[in-house]
Each structure stands twice: as structure tokens, then as C-alpha cells.
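I have a structure I would like to understand better, so I am pasting it below and will then ask my questions one at a time.
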Amino acid sequence: MTIADKTVLVTGANRGIGRALVEEALKRGAKRVYAGTRQPLAHPDGRVMPLILDVTSAPQTQAAAGSVESLDILINNAGLAFYDDLSDRAALEQHLAVNLYGPYGVIQAFLPLLTRSRGAIVNVLSDAALAALPIIPAYSISKAAAFSLTQSLRALLAGRGVRVHAVIAGPVDTDMSRDLDAPKASPESVARAIFDAVEKGEEDIFPDPASQTLAEGWRSSPGKALELRNAALIAAKALKA
Ligand SMILES: NC(=O)c1ccc[n+]([C@@H]2O[C@H](COP(=O)([O-])OP(=O)(O)OC[C@H]3O[C@@H](n4cnc5c(N)ncnc54)[C@H](OP(=O)(O)O)[C@@H]3O)[C@@H](O)[C@H]2O)c1
């Protein structure tokens, strides 16, 4: 999979990692970049097509899918994080709405196009999906659930030729991590690492120095081995059918 001449859609494209992904896709020669945003966006590059897309809105998601003719790579980047302590159910529901049901709905809406192109889905997750960060527990739950969604879709869609990538990012220097006092990777370097890994076909992507310390351990872990063994159940079922 190369990015040149491909059509890419990025959600949450107006700032942070999403904006960097749009710029990196353009640099790599993408034919068209759909920039999903909640507010209207203007971009000087004629290859960028703005799409109004609040990922929690089913009507907007349907309208966006209806206005896109073909798609090779869907990047579910839009995300929400705020501090909580699990005492407020509404906080958990808000995180799940954006970080789990958001990508779920967008994937379902664009799946026919991605199946037709034998394309790729890239879900921007977090290392909090692997181990909860208890200062942001609702966010951690939503990213763990989105990781599970990613693993199941990876197995379910493999037979249709659609690849599903998980981005297990560590701290990145954006508005989201403004208050976090830790070394952070630049959004630009993270966007480059994400596209490098998609081009190489790496299914689990560790795009920054902090997350890279987990990469080798994760790939050789019992958890990853179990994921592969469980995925084989779907492949075996498909063979029998
Ligand atoms: N920054 C980090 O340290 C870090 C680490 C690991 C993973 N991540 C993940 O990376 C992704 C991008 O985060 P970021 O750091 O770039 O955060 P950010 O700077 O806060 O940007 C978040 C983006 O998501 C959009 N968004 C939020 N709710 C949305 C909704 N309901 N519908 C559509 N778009 C929505 C925002 O749009 P508006 O401008 O309209 O609010 C914004 O474009 C997220 O999935 C995040 O969880 C970030």
C-alpha cells in the first residue's frame, strides 16, 4: 500500500495529529484527501475536500459517505479526552460516543467503498488502550474498547481484503495533552510514522519514541499470539462456508 495516488479520509482533520496526517498524505502524493471536521475548513491545496463530519452524528456520517465516490484509506483520528474519576456515568458515555461509537459508525458507513478498493482502516488509539491511565479512566476504557473493535474488524474484514491498523500512540504534542508534563512527540513525526507503517503493512503501529518501547514486547506477547489464534477461528469458518 503506497499513499501516492490514493484517496484518504481523515476525521478530526482541523488540528493536532489529524491536521498533520492531512499534510503528510498530501506530501506523499495522495490524489484526494477528505478532511472531516465539525466546523467548515478551508485548505489551499485543491486535493483537499472538506467534509462536515461530527463522528457522533449518524446523519452527518451518512451524508459524508454519500458524498465520497471512492476511498482507499480511512483514518479514524477524531478523539476526545478529559480528566475524570469514573464517578460520572456521563463522562464515560461521552468518551464512548466519540472514541468507540464514532469510529464504529464511520467504518460502517464507508465499508462498501473500502471493500471495493480493498483499502485500509487506520484507528488512532493510545497506549492507554493497553494499560489504563487512571487519571483519564473513561478515555482509557474507550480506547481499550476501540482496540478490541480494531482486532475483531481486522479478523472479520481480512477475507474482503480490507486491512485494519491500530495506532498505539504515546504522548503527542497537541491540545489534547497540553496539561501532561512528559516528553511528547510532534504530530508531524507521528503522522510520518503512521504512513510509513501503513505503507509497510504493519498492523499495530507504534509511532513515537515512547510507544516504540512497547512495540517488540507487544508483537511477541501472549496477548498478540492469542489475537492471531482467535482470528484463525474466523478464517476457518470462512473456509468451511
Ligand atoms: N495527543 C496525545 O498525546 C495522544 C496520544 C495518544 C493518542 N491520541 C489520539 O490521537 C487522536 C488525535 O488527537 P490529538 O492529540 O490530535 O487531539 P486534539 O488536538 O485534541 O484534536 C482532536 C480532534 O478530534 C476532533 N473531534 C473531537 N470530537 C469530535 C467529534 N465528535 N467529531 C469529529 N471530530 C471530533 C477535534 O475537532 P474540534 O476541533 O472540532 O474539537 C479535533 O480535530 C485522538 O484519537 C487521540 O485520542 C492522542
Under the salt bridge (Lys or Arg N to Asp or Glu O under 4.0 Å) criterion, do Asp204 and Lys224 qualify, and how do the steps go? CA-CA 10 Å; Asp204 297 318; Lys224 186 68 193 178; 2.6 Å; yes

Looking at every heavy atom in both Ile194 and Pro207, which two are closest together, and how far apart are they? CG1-CB, 4.1 Å

If you count heavy atoms of other groups shown closer than 6.0 angstrom to CG of Asp175, is the number above 12? yes

Of all heavy-atom pairs between Pro187 and Ala20, which one has the smallest distance, and what is that distance? O-CB, 3.5 Å

Checking side-chain contact (heavy atoms from CB on, under 4.5 Å) for the pair Tyr83/Ile135: CA distance, chi angles, key distance, verdict? CA-CA 6 Å; Tyr83 293 105; Ile135 50 169; 4.0 Å; yes

Applying the salt bridge (Lys or Arg N to Asp or Glu O under 4.0 Å) criterion to Glu199, which one of Arg28, Arg192, Lys6 satisfies it? Arg28

Nearest heavy-atom pair of Leu41 and Ala35: which atoms, and what distance? CD2-CB, 3.6 Å

Salt-bridge test for Asp72 and Arg118: reply yes if a basic N is under 4.0 Å from a carboxylate O, no otherwise. no

For Ala144, which residues count as a side chain to side chain contact (heavy atoms under 4.5 Å, CB included) partner, sequence neighbours excluded? none

Test item: side-chain donor near acceptor, Thr11 and Asn76, under 3.5 Å: no

Return yes if a side-chain donor-acceptor contact under 3.5 Å exists between Ser142 and Asn99, otherwise no. yes

State the OG1-NZ distance between Thr2 and Lys200, to the nearest 0.5 angstrom. 14.5 Å

Would a distance-only check, ignoring hydrogens and angles, find a side-chain to backbone donor-acceptor pair under 3.5 Å from Asp84 to Ala138? yes

Aromatic plane relationship, Phe82 with His95 - under 30° parallel, 30 to 60° tilted, over 60° perpendicular: tilted

Salt-bridged, Glu23 to Lys27, with N to O below 4.0 Å? no

The single option from Ile234, Val162, Val164 that satisfies side chain to side chain contact (heavy atoms under 4.5 Å, CB included) with Leu156 is Ile234

Which pairs pass salt bridge (charged side-chain N to carboxylate O under 4.0 Å, His left out) with one or both residues in residues 210-220, sequence neighbours excluded? Glu202-Arg219

Donor-acceptor contact present, side-chain Ser67 to main-chain Ala64, <3.5 Å: yes

As a quick check of understanding, evaluate side-chain hydrogen bond (donor to acceptor under 3.5 Å, both in side chains) for Thr150 and Asn123, giving each step before the final call. CA-CA 7 Å; Thr150 304; Asn123 292 333; 3.0 Å; yes

Could you check whether Glu203 pairs with Arg154 (Lys NZ or Arg NE/NH1/NH2 to Asp/Glu carboxylate O, under 4.0 Å)? yes

What one should report as the nearest heavy-atom pair of Asp127 and Gly170 is OD2-CA, 3.6 Å

For Leu80 against Tyr139, the heavy-atom pair lying closest together: O-CD1, 3.1 Å

For Asp54 versus Arg38, what's the shortest heavy-atom pair and its separation? OD2-CD, 3.6 Å

